[in-house]
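In what follows, residues are counted from 1 in the order of the sequence shown.
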Amino acid sequence: MPLGLRWGTVTAVGERLDTLIRLEVDGAPCIAYPRLTGGVEEGDTVLVNTRSVELGLGTGGFDVLYANLTRGLNLPAEADAHVMALPYMPGQLTTRFAEEDGASRDRIDDLPVVCTGLHSQLAPVCAALAGKRVTYVQLAGGALPLSLSDTVRALKARMLLDTAIAVSPCLDGDLQCVTAASALTLAAARGADVVVCGIGPGIVGTGTKWGHGGLAVADAANTAAALVARPIVAPRVSFGDERPRHQGLSHHTRSALDLCIDAVQLAWPLGLERPEDVGVVEVDVSGWEAACAPLPLAHMGRGPADDPWFFAAAFAAGRLAAA
């Protein structure tokens with residue numbers, strides 16, 4: 001499983017954000033995480049990872065800057081950091097973990113925790129939570145750098161999201177935690193009204209019952225239940241996906257529910273025929289289109305007009321949590 005690395009020269013630098021830079025290396029699109037690999041300028045000599053482009057992944061239409069040999073070597077460690085993220089990987093780095101500050105609890109009684117299996121559900125969930133103080137907790141199952149998410153940036157800009165926490169092996173969030181339990185209790189200690197747990201952009205998937213990132217739903221729900229919180233599952237629903245396993249209530253949600261040890265609330269949009277074999281809580285989702293209109297809504301290249309129940313179902317979970 002060798003890394004797919006190549007030499008290159010930065011030929012253009014486009015959008016510069018605090019946590020993400022879009023650039024070109026020898027004319028090919030690339031992204032860089034400046035908090036991890038330092039700044040980038042035209043003419044820099046770099047190493048880029050090309051594997052996602054070679055595999056034609058849906059969220060991988062670009063290379064990823066692995067190291068900037070011109071200005072990215074010997075970067076200083078984060079102050080007071082002494083714990084390793086991505087330990088023993090070629091890209092390991094030291095970072096400060098929020099657990100070190102001790103602001104956690106043993107229980108988070110009745111705190112609503114919305115559990116999502118796709119990053120594209122995050123925007124409609126948060127749209128339904130307008131006016132609430134929302135913390136997003138990113139779990140493994142998709143992209144690991146939280147800073148890749150344009151959705152998180154858009155939600156913060158519209159004050160629909162307060163704090164974004166990366167749970168290892170995810171990284172590069174506002175805060176870093178070792179475990180989901182730490183992240184949930186920290187969010188409660190910092191005054192969150194609702195926590196939304198999910199995976200980053202893209203999803204790891206093998207087309208099998210247990211081999212997909214959507215099982216992060218069960219991880220989040222079981223942790224929330226153990227902490228006496230209130231887990232709410234956002235169902236993955238589609239009528240625009242041509243794959244039979246994702247038609248109606250996706251097998252991703254069904255397999256996650258099979259792993260939920262305690263009872264969870266499965267939100268369901270009122271007006272959509274209920275699944276016969278799964279218990280749901282029906283939620284009035286009237287007005288969801290207007291609430292979501294200013295936000296970036298896309299799932300597998302489909303928008304609200306192409307697959308409306310996908311977004312309405314996620315919105316239902318946010319509205320149930322708000323209630």
Taking R22 for the side chain and L17 for the main chain, is one N or O donor matched with an acceptor at less than 3.5 Å?
no
Is the CG atom of D106 crowded by more than 12 outside heavy atoms at less than 6.0 Å?
no
Looking at every non-hydrogen atom in both residues, tell me the closest pair between G213 and I199 and how far apart they are.
O-CG2, 3.7 Å
Residues A183 and V167: closest non-hydrogen pair is CB-CG2, 3.7 Å
For A220 and L139 the tightest heavy-atom approach is CB-CD1, 4.0 Å
Hey, is the main chain of A143 close enough, under 3.5 Å, to the side chain of Q138 for a donor-acceptor pair?
yes
Test log, rule side-chain contact (heavy atoms from CB on, under 4.5 Å), inputs W268 and V281:
CA-CA 6 Å; W268 195 258; V281 179; over 6 Å; no
Side chain to side chain, V10 and C30, heavy atoms closer than 4.5 Å
no
Would you please name every residue forming a salt bridge (Lys or Arg N to Asp or Glu O under 4.0 Å) with E78, sequence neighbours left out?
none
Measuring from L93:CG to M84:CE, what's the distance to the nearest 0.5 Å?
8.0 Å
Going from SG on C292 to CZ on F315, what distance comes out if it is rounded to the nearest 0.5 angstrom?
5.5 Å
Do P275 and R254 have side chains that approach each other closer than 4.5 Å (heavy atoms only, starting at C-beta)?
yes
Side-chain heavy atoms nearer than 4.5 Å, only ILVMFWY residues, links allowed to pass through others: does that put L65 and I31 together?
no
Given T253 and L266, is the side-chain contact (heavy atoms from CB on, under 4.5 Å) satisfied, shown in steps?
CA-CA 10 Å; T253 301; L266 178 65; 4.2 Å; yes
Hey, quick one: are V48 and F62 part of the same hydrophobic cluster, counting side-chain heavy atoms closer than 4.5 Å, chains of contacts allowed?
no
Look at atom CD1 of I261 and say whether more than 12 heavy atoms of other residues, nucleotides or ligands are closer to it than 6.0 Å.
no
Are V228 and I108 linked, directly or through other ILVMFWY residues, by side chains that come within less than 4.5 angstrom of each other?
no
When you compare the side chain of K132 with that of P112, does any pair of heavy atoms fall below 4.5 Å?
no
The criterion is salt bridge (Lys or Arg N to Asp or Glu O under 4.0 Å); which residues satisfy it with R230, sequence neighbours excluded?
none
Side-chain contact test, heavy atoms from C-beta onward, threshold under 4.5 Å: evaluate it for R190 versus I165 and give yes or no.
no
Quick one: do V280 and W309 end up in the same hydrophobic cluster if we chain Ile, Leu, Val, Met, Phe, Trp and Tyr together by side-chain heavy atoms under 4.5 Å apart?
yes
Kindly assign one of parallel, tilted or perpendicular to the pair W288 and F311, based on the angle between their ring planes and the thresholds 30° and 60°.
parallel
Can you find a pair of side-chain heavy atoms, one from L186 and one from L175, that are under 4.5 Å apart?
yes
With L122 as reference, evaluate V196, T116, V114 under the side chain to side chain contact (heavy atoms under 4.5 Å, CB included) test and give the passing residue.
V196
Could you tell me whether the side chain of S147 and the main chain of L20 form a donor-acceptor pair under 3.5 Å?
no
Using the side-chain hydrogen bond (donor to acceptor under 3.5 Å, both in side chains) rule, pick out the option among D18, D172, T95, T19 that qualifies with R35.
D172
Which heavy-atom pair separates S168 from Q176 by the least distance, and what is that distance?
OG-NE2, 3.1 Å
Could you walk me through whether S182 and T179 pass side chain to side chain donor-acceptor pair (under 3.5 Å), step by step?
CA-CA 5 Å; S182 289; T179 66; 3.2 Å; yes
Is there a side-chain contact between L249 and P235, using heavy atoms and a 4.5 Å cut-off?
yes
For F310, enumerate each residue passing the ring pair (Phe, Tyr, Trp, His ring centres under 6.0 Å) test, keeping only those at least two apart in sequence or located in another chain.
H299
Is there a side chain to side chain donor-acceptor pair (under 3.5 Å) between S238 and D307? Walk through the geometry before answering.
CA-CA 6 Å; S238 177; D307 206 0; 2.6 Å; yes
Drop me the distance from D150's CG to E15's CD, to the nearest 0.5 angstrom.
7.0 Å
Euclidean distance, L171 CG relative to C177 SG, rounded to 0.5 Å:
13.0 Å
Under the 3.5 angstrom rule, does the side chain of S255 hit a backbone N or O of H252 as a donor-acceptor pair?
yes
Rounded distance (nearest 0.5 Å) linking atom CG of L297 with atom CZ of R302:
13.5 Å
Nearest heavy atoms of L270 and V285, plus distance in Å:
O-CG2, 4.4 Å
With a 4.0 Å cut-off, would you call R133 and D162 a salt bridge?
yes
Taking a hydrophobic cluster as the set of Ile, Leu, Val, Met, Phe, Trp and Tyr residues connected by side-chain heavy atoms closer than 4.5 Å, whether directly or through intermediates, do V40 and V64 fall within one such cluster?
no
Within a strict 4.5 Å, meaning less than it, do heavy atoms of the Y136 and H119 side chains meet?
yes
Between V134 and L155, is there a side-chain heavy-atom distance shorter than 4.5 Å?
no
When rounded to the nearest 0.5 Å, the distance separating CZ of R6 from OH of Y66 is 15.5 Å
Nearest heavy-atom neighbours spanning P269 and A316:
N-CB, 4.0 Å
